[in-house]
There are 2 protein chains.
Amino acid sequence: MRNLTYGKKLSHKKGSKSQQSEVMYPSENETQLWVSINLLQQKIYRTVDSDLKKNGLPPLRWYDVLWDLERQGEKGRRAFELEKTLLFEQSNLSRLLRKMIDEGLVEELIVSEDRRSKTLKVTMKGIKLRKEMWRTYGPHIHGFMGHMEDEAKLEKTAATLMALLAQN
Amino acid sequence: MRNLTYGKKLSHKKGSKSQQSEVMYPSENETQLWVSINLLQQKIYRTVDSDLKKNGLPPLRWYDVLWDLERQGEKGRRAFELEKTLLFEQSNLSRLLRKMIDEGLVEELIVSEDRRSKTLKVTMKGIKLRKEMWRTYGPHIHGFMGHMEDEAKLEKTAATLMALLAQN
DNA sequence: CTCATATAGATGCGTTTACATCTAATTTGC
DNA sequence: GCAAATTAGATGTAAACGCATCTATATGAG
């Protein structure tokens, strides 16, 4: 496709299982994997995000929050949990939640025994909005991923990336 | 691992090769693949970017520009080419290049026969900086990707994602 | 040739981001 | 039980971002 060596100093001696660990440079395949993840994500994320905007809907990040809260159901979530599972910057999430609460998409309940925080739950309005967002979001995902030949390969690839996520 | 159905309406009838094309919702595996790409990218990108900053180095995006220009060598690049291959927003790239030119990392030459644009080349200083950035960037990539068992799987996964990129 | 359209890049502007810091509540060590 | 350290979340700030618009050049149709 293209030469993407990405910086020289390929320190992988093929065949050696050296778990040298400290200050190792990536192999060409490792780099290629990272580059493709990076480009694919940017392409998809921006496409979806700007299409949402074009349709008068809120940014993609809102979807993640709404969907996570929807899956938690009645027990809800704390902000710091959302932060960790959705990889939010604390301050960004704080401000985002404020906006979503102001718009009635999310409600905060003082039910908690920890008076520093509140429990967050999605409202009916929030669920409705998430579904509406999905109508433009969903097809884009399929549009980008739907070119993969067989379902098995698709599943394997997803599993591989999930494993990488879990290990770090 | 976790239920990540991500919005209901799974329109994939397994086994049918229906190329219905319009307004299709993603299968569960397609969604899972997207979710993992999204999370992995965010995690890695932010880790590297903030580590660069901690080491007094410029943001990750600078690396991409420097590396691309370095690979083009003497023939250089036009801004709009960089924009397409590195997925930059036009205005962001424009301002980024201005900064890099001001810092002497990139030079613009009027050699071109098109007086609207200039040809961009990396300078020696730019090459030096890129190499320095690689010393903190490279090990992170290996740190995230180096958990993959066999090289073959790694290569296949990268190829799969590259193919997805090319198809969109 | 000339006017309309397209392309390359710059710039104004409002929003979002990351980072540092702050307040308040909770947990821990002694 | 109390001071020190930790944790949850809010907020100020500068930089980066996406979008719309602008200038200048190039291309294309008649």
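Source: prediction; values computed, not measured. Proteins get letters first, then strands, A, B, ... in listed order; numbering begins at 1 in each.
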What integer distance in Å separates [X]:[atom1] from [N]:[atom2]?
X: E108(B); N: dA8(C); atom1: CD; atom2: P; answer: 16 Å
X: E113(A); N: dA8(D); atom1: CD; atom2: P; answer: 12 Å
X: D114(A); N: dT26(C); atom1: CG; atom2: P; answer: 5 Å
X: N92(A); N: dT15(C); atom1: CG; atom2: P; answer: 16 Å
X: E89(B); N: dT15(C); atom1: CD; atom2: P; answer: 17 Å
X: Y45(A); N: dC17(D); atom1: OH; atom2: C1'; answer: 12 Å
X: L93(B); N: dG9(C); atom1: CG; atom2: P; answer: 8 Å
X: K118(B); N: dA10(C); atom1: NZ; atom2: P; answer: 6 Å

- Task: Scan V122(A), T85(A), L86(A), V106(A) and name whichever one has a side chain to side chain contact (heavy atoms under 4.5 Å, CB included) with R77(A).
- Result: T85(A)
Pick base, sugar-phosphate or nothing for [X], based on heavy-atom distances below 4.0 Å to the nucleic acid.
X: E81(A); result: nothing
X: S94(A); result: base
X: D49(B); result: nothing
X: R61(B); result: nothing
X: R46(B); result: sugar-phosphate
X: K99(B); result: sugar-phosphate

- Out of E74(B), E108(B), E107(B), which one pairs with K121(B) under the salt bridge (charged side-chain N to carboxylate O under 4.0 Å, His left out) rule? E74(B)
- Could you say whether L120(A) or W62(B) is positioned toward the 5' end of DNA chain D, judged by the nucleotide with the nearest heavy atom to each? L120(A)
- Do you see a donor-acceptor pair shorter than 3.5 Å between the side chains of W34(B) and Y137(A)? yes
- Message: Check K128(B) with E103(B), please: is the shortest side-chain N to carboxylate O separation under 4.0 Å?
- Response: no
- Going by an N to O cut-off under 4.0 Å, is there a salt bridge joining R95(A) and E89(A)? no
- Message: Reading DNA chain C from 5' onward, which residue's closest nucleotide shows up sooner: F88(A) or R115(A)?
- Response: F88(A)
- Note on the structure: Whichever of D51(B) and K84(B) has the more 5' nearest nucleotide on DNA chain C, that residue is K84(B)
- One should read off an interatomic distance between K131(B) NZ and L66(B) CG, to the nearest 0.5 angstrom, of 12.0 Å
Record whether the side chain of [X] comes under 3.5 Å of the base of [N] through a donor-acceptor pair of N or O atoms.
X: Q90(A); N: dA8(D); value: no
X: R116(A); N: dT26(C); value: no
X: S91(B); N: dC19(D); value: yes

- Message: Please tell me if R98(B) has a side-chain N or O lying less than 4.0 Å from either OP1 or OP2 of dA10(C).
- Response: yes
- Message: dA16(D), OP1 or OP2 - any side-chain N/O from R95(B) closer than 4.0 Å?
- Response: no
- Note on the structure: Side-chain atoms of K53(A) come closest, of dT25(D), dG18(D), dC19(C), to dG18(D)
